[in-house]
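Below is one structure, written out as structure tokens; the observations come after it.
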Amino acid sequence: MGICRCTIACATKDIMADDKKLTTRASDFSAWYNEVVLRAELADYSPVRGCMVIRPDGYGIWERMQRTLDDMFKATGHRNAYFPLFIPESFLHKEAQHVKGFAPETAVVTHGGGKKLEEPLVVRPTSETIIYAMFAKWVQSYRDLPLLINQWANVVRWEMRTRLFLRTLEFLWQEGHTAHATHDEAEEEARKILGLYRDFMEGWMAMPVVTGQKTEAEKFAGALRTYSCEAMMQDNKALQAGTSHNLGQNFAKAFDLKFQSESGDEEYAWNTSWGVSTRLVGGLVMTHGDDNGLRIPPLLAPTEVVIVPIWRKEEERSRVMEAADRVCRDISNWERRDPNALRVRVDTRENLKPGAKYYEWELRGVPIRMELGPRDLDANQGVLVRRDTRAKQSVSLDAIAEEIETVLETMQDDMLSAARDRREQNSHRGAVSYEQFKELMEGDGAFVYAGWCDGEKCEAQIKEETKATIRCLPDEEFRSAEAPSRCLLCNADATTEALWAKAY
RNA sequence: CGGGACGUGGCGCAGCCCGGUAGCGCACCUGAAUGGGGUUCAGGGGGUCGCGGGUUCAAAUCCCGCCGUCCCGACCA
């Protein structure tokens with residue numbers, strides 16, 4: 001609820017209006033986020049603590065993400081497979097760092113069919129162990145490599161604090177797992193996927209990311225190196241949107257994944273694993289949403305255009321409805337079932353005034369609203385309203401499909417630019433004193449690029465004192481023109497530049 | 001798991017301090033009118049007051065326990 005600044009005379013009216021309004025991002029970002037997710041019907045709470053139901057509008061976004069990513073994985077030679085939900089508990093213990101990282105947050109099945117199991121089964125928190133155990137059976141020779149597998153699955157991590165989409169006990173994701181003959185091939189794969197993720201996040205989600213490498217403290221449990229895509233949300237906190245790991249030979253050694261090389265030697269394979277999850281939907285909300293609700297970038301919007309018919313008299317009603325239906329069919333290529341055609345729907349509800357519909361579709365984030373009334377029909381036009389800018393334009397019905405395509409493309413680009421501008425405005429480079437850094441982190445938050453001595457003590461102490469962490473050691477294109485020379489905390493010579501921020 | 005707030009028709013809340021058997025707004029249903037930025041009027045349906053105990057003639061209200069949600073810490077895609 002917003003604050004009423006009205007006089008008593010209009011208090012009632014204002015409260016009514018407020019009842020329909022979202023908490024603003026500025027007043028309480030977390031509350032705003034929850035309200036958007038619930039009221040835009042992306043998800044709902046489940047009876048089980050920390051779990052959520054993904055509703056059709058939320059799942060529709062995920063489906064579009066899935067389809068796009070799946071195409072990208074296939075185009076780079078990966079194939080889908082499915083590995084089981086249950087993993088023998090002993091498997092998790094075979095890689096020392098891995099079990100250390102995941103054991104505390106696993107759900108374990110101890111009974112089945114009414115009997116106690118001989119060996120408890122872990123509900124997968126991630127599938128490295130079962131997958132590399134299977135890879136070991138399948139790989140004999142270098143000719144079997146590389147082995148490029150992806151799976152779409154659910155995983156369970158018993159988190160303490162949960163947030164819709166951002167951190168739930170169960171979530172949906174894809175996990176890619178590959179085996180290679182050499183370290184360099186694995187490294188190339190891990191980097192290739194990181195780039196693929198970035199292309200998806202920027203090109204489809206209109207969510208700019210900083211790519212880079214995780215520090216030892218932040219890397220995946222069991223990995224040699226972890227790379228990540230870090231996006232800035234509107235509260236200036238970082239969201240780790242995707243990770244790609246070079247696992248080295250750690251899992252190969254733990255699961256005896258060996259192959260005979262060209263020269264006849266027996267060698268351990270080199271692995272990578274990488275994933276993005278339904279967390280991306282949360283990232284989408286927090287990147288683009290505004291105080292009127294969700295804003296979905298056109299390429300991922302389950303509905304791109306909603307047509308709102310407008311009429312006064314009965315005669316107008318039939319005329320407008322008929323036209324709306326016709327336009328919908330024309331521009332959506334409905335009868336041809338063309339998957340690339342526009343995703344359009346007509347809001348035929350008769351119990352709501354047009355204005356109410358406008359608010360609702362804005363809340364739901366549909367990119368374009370098309371208002372179609374008698375005056376428009378007389379002029380053979382429709383009114384297009386962009387969700388991102390709320391700008392209106394009248395367009396001839398003869399050219400409406402083309403114009404919509406143009407507007408959608410423009411919106412997609414504009415949303416990425418706006419998100420990037422916002423990130424840059426809240427990013428700080430150059431010499432930042434630790435005092436300034438603390439002020440930034442205590443205040444509005446920020447991305448801060450600063451020098452780091454590579455010392456885990458400095459990293460830990462800064463985290464302790466400011467809650468900010470090194471999100472990544474940025475890839476070259478994100479590094480400052482002039483490399484920082486001093487460590488943010490200890491002032492010793494900096495060995496690298498680090499991106500600091502508070503994180504989700 | 002520690003600190004704080006909250007839990008009352010679908011949603012948002014009042015009632016609780018000072019026990020007496022539940023109310024408001026929105027939403028929903030019916031009818032009529034209305035319809036280019038949150039329609040109006042009339043009629044109507046819906047709640048064992050988070051769950052479980054206790055105190056009492058009587059509990060939404062007082063006491064104890066538990067569960068859940070949100071915020072803040074320790075853990076994390």
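Every chain is numbered from 1 and lettered A, B, ... according to where its sequence line falls, protein lines coming before strand lines.
- Between B:rG46 and B:rG54, the distance separating the two C1' atoms is 32 Å to the nearest Å.
- In this structure, A:Arg55 places its CZ atom where more than 12 heavy-atom neighbours from other residues, nucleotides or ligands lie under 6.0 Å away.
- Shown here, B:rA27 forms no base pair; nothing in the strands shown gives a Watson-Crick or G-U wobble contact with both key distances under 3.5 Å.
- Distance, A:Arg39 CZ to B:rC26 P: 15 Å, rounded to whole Å.
- With both pairing distances under 3.5 Å, B:rU61 is matched to nothing as a Watson-Crick or G-U wobble pair.
- Across all strands shown, B:rA74 forms no Watson-Crick or G-U wobble pair with both key distances under 3.5 Å.
- Across all strands shown, B:rG46 forms no Watson-Crick or G-U wobble pair with both key distances under 3.5 Å.
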Once each nucleotide of nucleotides 69-75 of chain B is scored for protein heavy atoms under 4.0 Å, what B/S/- sequence comes out, 5' to 3'? SSSBBBB

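- Here B:rU56 sits opposite no nucleotide as a Watson-Crick or G-U wobble pair (both hydrogen-bonding atom distances under 3.5 Å).
- Proximity of a side-chain donor or acceptor of A:Glu202 to a complementary backbone N or O of A:Val209 within less than 3.5 Å is detected.
- Taking the P atom of each, B:rC6 and B:rC64 are spaced 15 Å apart, rounded to whole Å.
- A salt bridge (Lys or Arg N to Asp or Glu O under 4.0 Å) check over residues 284-293 of chain A, counting only residues at least two apart or in different chains, returns the pairs A:Arg25-A:Asp291, A:Asp290-A:Arg387.
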Under 3.5 Å, N/O pairs linking protein and nucleotides 2-10 of chain B:
none

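- The C1' atoms of B:rG23 and B:rC49 are separated by 12 Å, rounded to the nearest whole Å.
- One interatomic measurement links the two molecules: CG of A:Asn351 to C1' of B:rC26, which rounds to 14 Å at whole-angstrom precision.
- Contact annotation for A:Thr168: base contact, defined as any heavy-atom pair under 4.0 Å involving a base atom.
- Residue pairs meeting the ring pair (Phe, Tyr, Trp, His ring centres under 6.0 Å) criterion with at least one member in residues 349-369 of chain A: none, sequence neighbours excluded.
- By the side-chain hydrogen bond (donor to acceptor under 3.5 Å, both in side chains) test, A:Ser127 pairs with A:Gln151, A:Glu175, sequence neighbours left out.
- A tilted orientation is assigned to the rings of A:Trp274 and A:Phe73, their planes being inclined by 30° to 60°.
- Base pairing of B:rG7: its partner is B:rC67, meeting the Watson-Crick or G-U wobble criterion (both donor-acceptor distances under 3.5 Å).
- Taking the C1' atoms as reference points, B:rA22 lies 11 Å from B:rG9, given to the whole Å.
- Residues forming a ring-ring contact (aromatic ring centres under 6.0 Å, His included) with A:Tyr132 (at least two apart in sequence, or on another chain): A:Phe135, A:His177, A:Phe251.
- Remark: B:rU21 base-pairs with no nucleotide in the shown strands. Criterion, Watson-Crick or G-U wobble with two distances under 3.5 Å.
- In summary, A:Glu360 and A:Lys357 do not engage in a salt bridge, as defined by a charged side-chain N under 4.0 Å from a carboxylate O.
- Between the CE atom of A:Met52 and the P atom of B:rG68 there is a distance of 18 Å, given to the nearest Å.
- Salt-bridge annotation for A:Glu371 and A:Arg369: present, with a side-chain N of the basic residue lying under 4.0 Å from a carboxylate O of the acidic one.
- RNA chain B is contacted by no residue of residues 315-325 of chain A, taking any non-hydrogen atom closer than 4.0 Å.
- Each of A:Phe220 and A:Trp311 was matched to the nucleotide of RNA chain B holding its nearest heavy atom; the match closer to the 5' end belongs to A:Trp311.
- The aromatic ring of A:Phe171 stacks onto the base of B:rA77, its centre lying under 5.5 Å from the centre of the six-membered base ring with the two planes under 30° apart.
- Between A:Glu187 and A:Arg191 there is no salt bridge, since none of the side-chain N atoms of the basic residue sits less than 4.0 Å from a carboxylate O of the acidic one.
- Side chain of A:Gln174 to backbone of A:Val276: a donor-acceptor contact under 3.5 angstrom is found.
- Remark: the separation of the C1' atoms in B:rC67 and B:rG20 is 30 Å, to the nearest Å.
- Comparing B:rU30 with B:rC16, their P atoms sit 37 Å apart, to the nearest whole Å.
- Distance A:Arg312 CZ to B:rG36 P: 7 Å, rounded to the nearest Å.
- Per the geometry, CD belonging to A:Glu41 stands 12 Å off C1' belonging to B:rA27, to the nearest Å.
- Between A:Lys353 and B:rG36 there is a side-chain N or O to OP1 or OP2 distance below 4.0 Å.
- Taking 4.0 Å as the cut-off between side-chain N and carboxylate O, A:Asp388 and A:Arg386 count as a salt-bridged pair.
- Using a 4.0 Å heavy-atom distance criterion, A:Leu166 is classed as a base contact.
- Judged by ring centres under 5.5 Å apart and planes tilted less than 30 degrees, A:Tyr359 stacks against the six-membered base ring of B:rG38.
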Would you sort out whether A:Asn154 and A:Arg124 count as a side-chain hydrogen bond (donor to acceptor under 3.5 Å, both in side chains), showing the intermediate values? CA-CA 8 Å; A:Asn154 57 339; A:Arg124 63 181 165 220; 2.7 Å; yes

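- For the P atom pair drawn from B:rG73 and B:rC66, the interatomic distance equals 25 Å after rounding to whole Å.
- The base of B:rG12 lies outside donor-acceptor range of the side chain of A:Glu35, with no N or O pair under 3.5 Å.
- Applying the ring pair (Phe, Tyr, Trp, His ring centres under 6.0 Å) rule to pairs touching residues 26-55 of chain A yields A:Phe29-A:Trp32, sequence neighbours excluded.
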Compile the donor-acceptor pairs under 3.5 Å between side chains in residues 61-70 of chain A and protein atoms, sequence neighbours left out, one pair per line.
residue, atom, partner, partner atom, Å
A:Arg64, NE, A:Leu299, O, 2.9
A:Arg64, NH2, A:Leu299, O, 3.2
A:Thr68, OG1, A:Arg64, O, 2.8
A:Asp70, OD1, A:Asn80, ND2, 2.9
A:Asp70, OD1, A:Trp152, NE1, 2.8
A:Asp70, OD2, A:Lys74, NZ, 2.6

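- Within 4.0 Å (heavy atoms only), A:Leu280 reaches no atom of the nucleic acid at all.
- Atom-to-atom, CD of A:Glu360 to C1' of B:rC26 comes out at 14 Å; the value is rounded to the nearest Å.
- Residues that satisfy the salt bridge (charged side-chain N to carboxylate O under 4.0 Å, His left out) test with A:Asp378, not counting sequence neighbours, are A:Arg319.
- Judged by Watson-Crick or G-U wobble contacts below 3.5 Å, the nucleotide B:rU34 has no partner.
- Distance CD (A:Glu350) to C1' (B:rA32): 15 Å, rounded to an integer number of Å.
- Note: NZ (A:Lys313) to P (B:rG35) measures 9 Å, nearest angstrom.
- A heavy atom lying under 4.0 Å from RNA chain B marks the following residues of residues 369-393 of chain A, by number: A:Arg369, A:Glu371, A:Gly373, A:Pro374, A:Arg375, A:Asp376, A:Val383, A:Arg390, A:Lys392.
- Within the structure, ring pair (Phe, Tyr, Trp, His ring centres under 6.0 Å) contacts touching residues 206-248 of chain A (residues at least two apart or in different chains) are A:His98-A:Phe220, A:Phe102-A:Phe220, A:Phe220-A:His245.
- On the P atoms, B:rC62 is 15 Å away from B:rA5, given to the nearest whole Å.
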